[in-house]
Amino acid sequence: MQDVRWPEEGVRRIPFAVYSTPEVYEREQRAIFKGPIWHFLGLEAQIPDTGCYVLAQVGDTPVIVVREASGKVNALVNRCSHKGTPLAYTPSGKVSRFLCIYHNWCFGLNGQMISAAFERGVAGKGGMAATFKKEENGLARLRVHTINGLIFGTLNDETPSFEDYVGADLIANIKRVCGKPIRILGQYSQKLPSNWKLYIENVKDPYHASILHAFNGVMKQDRLTMEGGIVMGARGWSHISYSKMSTDQGDAVYKSKELRSGELTAYGQGLRDTSMTDTWDDFGDGVSMTIQTIFPNFVLQQLRNCLAVRTIVPKGTHESELRWIAFGYQDDDQRKLNGRLKQSNMMGPAGLIAMEDGMIGGLVQRGIAGDLDKAAVVEMGGHGIEPIPGSRASEGSVRGFWTGYRALMGL
């Protein structure tokens, strides 16, 4: 690729051009989003009944996720096979079939074509040619995998099984966090003024979590001095970062004037509403935070009792959309429900964490604009992708993302 030359240092240097070059964005659509990857599409709880659907995006490709009468979940490209008109427009709904508004081509919940307006012409004249076959003109379909209520899809026949793609440790955490029937608490989206990869880098980077998010350090919500670590998925492309809040011994470190948390006094007397930080152990293992990514752009979070899935959707080279679904469990009592909602609002884009993550990507996008021939330095924790036992002071999982990215992009 002419506009991108990867530095000889490998994944410990990230060329700024990959965040800003249209040619790179176009290749990502083919090599990554239409490549051998599993992409998160939604939650089964969003489509409980026959005909219920939600819309999703796999890169630039629009997708309908729908439940058919047998209970099977289908993922269909949201594009009429006649002229390419989208079939569904509202983010979610319930239908008996998909009818194109342009020429009334009709498709079943499984994507098979049912009929076309004036298929046999009018008064014996006109109509579709004898060569036209409805069974050859259904909607394009994705291969679908469901696990504990999460729905994933792929556009590529060469994609390995989901288990092989993510690895056993990540499968185990999905079953841990989503091991009970879930209850959707709310959905929201956040427009980010930055390339989608800047956000997924941010999520894979535990280094920043108690620095950029000074609240985490001051209020002892997440510190690198807590017991924790990083677990890498298959091939190192995906990861889990985890910590145990009750083990923190970091007061002296986080009072240092070299850290933002040491300079801030706004939270010095604590929150007026202490219930904002009331927590309980959902899983009985003492782990208060897990951030799990699945390459390329999916996040499963457990931030104390704030549970959510996130997807970062590319919207060109300089913009992206972060889509959230916050959830709890169907057996949550009112205290837990209220606690999850408070924590979700505190962590979300109107709160103290997601707002800062969205802002920092925009600042980086602006900062690199004049020097796309330069590169970012990613050497915290070494040069490779191997985790450091018992430590999150590493960018190994960031390098893991770029290892997968380079493999698929041929860079």
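We use all heavy atoms of the structure for the numbers below, so side chains are in, but hydrogens, waters and symmetry mates are not.
For residues 329-343, the salt bridge (Lys or Arg N to Asp or Glu O under 4.0 Å) pairs, not counting sequence neighbours, are Lys180-Asp331, Asp273-Lys342, Asp282-Arg340, Asp332-Arg340. Under the salt bridge (Lys or Arg N to Asp or Glu O under 4.0 Å) criterion, the residue pairs touching residues 375-390 are Arg12-Glu379, Arg13-Glu379, with sequence neighbours excluded. Judged as a side chain to side chain donor-acceptor pair (under 3.5 Å), the pairs with a partner in residues 53-62 (not counting sequence neighbours) are, in order, Tyr25-Asp60, Tyr53-Thr90. Pairs engaging residues 149-160 under the side chain to side chain donor-acceptor pair (under 3.5 Å) rule: Thr154-Thr159 [sequence neighbours left out]. Applying the side chain to side chain donor-acceptor pair (under 3.5 Å) test to every pair with at least one member in residues 135-145, sequence neighbours left out, gives these pairs: Asn74-Arg141.
In this view, Gln302 and Arg176, Thr290 satisfy the side-chain hydrogen bond (donor to acceptor under 3.5 Å, both in side chains) rule, not counting sequence neighbours. Under the side-chain contact (heavy atoms from CB on, under 4.5 Å) criterion, Leu139 pairs with Leu76, Leu87, Phe107, not counting sequence neighbours. Contacts of Arg79 classified as side-chain hydrogen bond (donor to acceptor under 3.5 Å, both in side chains), with partners at least two apart in sequence or in another chain: none. Not counting sequence neighbours, the partners of His103 by the ring-ring contact (aromatic ring centres under 6.0 Å, His included) test are His82. With sequence neighbours excluded, no residue satisfies side-chain contact (heavy atoms from CB on, under 4.5 Å) with Ser96. Contacts of Ala369 classified as side-chain contact (heavy atoms from CB on, under 4.5 Å), with partners at least two apart in sequence or in another chain: none. Shown here are the side-chain contact (heavy atoms from CB on, under 4.5 Å) partners of Ala75, two or more places apart in sequence or in another chain: Leu41, Val63, Leu142, Val144.
A heavy-atom distance below 4.5 Å is not found between the side chains of Gln187 and Arg323.
The two residues Ile47 and Arg67 come nearest to each other via the heavy atoms O-NE, 2.6 Å.
The distance between the ring centers of Trp38 and Phe152 does not fall below 6.0 angstrom.
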